[in-house]
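Comments concern the structure below.
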Amino acid sequence: MKPCILLIEDDQDMRDLVAGHLEHTGFDVQKAEDGIKGQALALQYAPDLILLDLMLPKVDGLTLCQRLRRDERTAGIPILMITALGGIKDKVTGFNSGADDYITKPFDLEELQVRIKALLRRTNRAPLGSNNQPEILNYGPLTLVPERFEAIWFESPVRLTHLEFELLHCLMQRHGQTVAPSLILKEVWGYEPDDDIETIRVHVRHLRTKLEPDPRKPRFIKTVYGAGYCLELPTGEKIKEIEPLITQTRESRSNKNNTDERVIA
């Protein structure tokens, strides 16, 4: 079967150009001209990847991205944002909304195709290991389960985006070592943006909010200034020492989320 891509773009010329190119290169493309139809098609087709413009009528791209990430039916679909807004703050906002990658107009169709294939390669990653058993990577209190793009952190599951999973996997393979941004960009993103360090910083911050007791004072995902990032996980007796703090933090965040939901309701 052809990979299915949902293209949500309000500019008809751009929509037809991108869709035509992707169909010619072997993709099945569904098209939407606004955010409401885009969300409906995402639920209907469960595409392998979503190309999402930011400046959309009815429901803008950032809001739609957040909605797709909150819905369990679409939360795992990789999203590549397409926009004319190319500043660092714009990219950070896009990533914070749940985007996996970001490309700025005008762009080369070949570059778009490279990014799409890189995202699909990560999200369709085949489990490794013998006897058809899924790959499970473990160090101390952290286990990665590639088939679900999930982390088991102190015996509790933590949902990760595809890029968060790959970033954590990249750091785990070099546990205790400083990993340079250039290597992270090449291994995790599958291409080499020019000095796009802010992309890494945003995703590191997201990981810290999910794993660290205090993301502002990271214990496990450390910044080595001027050199990169280093993952240092506890082992042995240190796990027992830190576990109560992790449990307390988890309960506190759960209570806060429940309170926020009641306020919204």
Side-chain angles (χ1 to χ4, degrees), residues 69 72 75-76 92 95-96 98 100 122-123 125-131 133-190 197-260:
R69 285 291 176 248
E72 291 185 357
V92 171
F95 287 129
N96 283 336
D100 293 288
R122 289 196 299 271
T123 55
R125 174 177 173 169
L128 303 177
S130 59
N131 301 321
Q133 293 297 315
E135 178 192 22
I136 298 179
L137 301 173
N138 174 265
Y139 194 101
L142 178 65
T143 298
L144 297 182
V145 187
E147 64 176 359
R148 297 197 299 271
F149 292 97
E150 182 179 80
I152 307 299
W153 179 235
F154 283 90
E155 301 183 356
S156 292
V158 178
R159 178 187 291 178
L160 303 174
T161 67
H162 300 300
L163 278 177
E164 289 167 358
F165 181 93
E166 292 294 343
L167 175 55
L168 193 54
H169 177 268
C170 175
L171 295 175
M172 178 177 276
Q173 300 314 295
R174 302 163 180 83
H175 184 271
Q177 305 175 30
T178 299
V179 186
S182 58
L183 178 58
I184 295 174
L185 286 170
K186 184 175 182 179
E187 185 166 308
V188 177
W189 273 261
I197 306 303
E198 192 61 36
T199 296
I200 301 177
R201 289 174 179 163
V202 171
H203 288 84
V204 166
R205 287 200 295 268
H206 290 174
L207 277 178
R208 285 172 174 164
T209 61
K210 296 181 178 183
L211 302 181
E212 298 278 3
D214 184 353
R216 296 168 298 180
K217 300 177 181 179
R219 294 168 174 246
F220 312 120
I221 306 174
K222 299 181 178 180
T223 300
V224 182
Y225 291 99
Y229 295 92
C230 179
L231 180 67
E232 293 185 359
L233 300 174
T235 57
E237 293 299 318
K238 289 186 178 180
I239 294 178
K240 296 180 181 179
E241 294 175 9
I242 295 175
E243 188 168 10
L245 178 59
I246 297 294
T247 301
Q248 180 182 0
T249 302
R250 184 179 292 139
E251 291 174 351
S252 175
R253 289 174 181 171
S254 177
N255 291 336
K256 182 180 183 301
N257 290 337
N258 290 335
T259 300
D260 292 342

So, for [X] and [Y], which heavy atoms are closest and what is the spacing to 0.1 Å?
X      : Y      : result
Asp100 : His162 : OD1-N, 4.2 Å
Pro141 : Leu233 : CD-CB, 4.4 Å
Ile246 : Pro213 : CD1-CG, 3.7 Å
His175 : Leu231 : CD2-O, 3.3 Å
Ile239 : Pro234 : CG1-O, 3.5 Å
Pro181 : Ile200 : O-CD1, 3.5 Å

Mind checking whether [X] and [Y] have side chains closer than 4.5 Å, heavy atoms only?
X      : Y      : value
Val179 : Tyr229 : no
Val145 : Phe165 : no
Thr249 : Phe154 : no
Glu72  : Arg159 : yes
Thr223 : Arg208 : yes

Tell me if the CD atom of Gln248 is crowded by more than 12 foreign heavy atoms within 6.0 Å. no
I'd like to know if Arg201 and Glu198 make a salt bridge, using a cut-off of under 4.0 Å between side-chain N and carboxylate O. yes
Looking at [X] and [Y], would you say the former's side chain and the latter's main chain have a donor-acceptor pair under 3.5 Å?
X      : Y      : answer
Glu212 : Phe220 : yes
Asn138 : Leu142 : yes
Thr209 : His206 : yes
Glu232 : Arg219 : no

Derivation and outcome, side-chain contact (heavy atoms from CB on, under 4.5 Å), residues Arg250 and Trp153: CA-CA 11 Å; Arg250 184 179 292 139; Trp153 179 235; 4.1 Å; yes
To the nearest 0.5 Å, what is the distance between [atom1] ([X]) and [atom2] ([Y])?
X      : Y      : atom1 : atom2 : value
Thr199 : Leu167 : OG1   : CG    : 11.5 Å
Leu144 : Leu168 : CG    : CG    : 5.0 Å
Leu171 : Leu183 : CG    : CG    : 9.5 Å

Which of these passes side chain to side chain donor-acceptor pair (under 3.5 Å) with Glu187: Gln173, Arg174, His169? Arg174
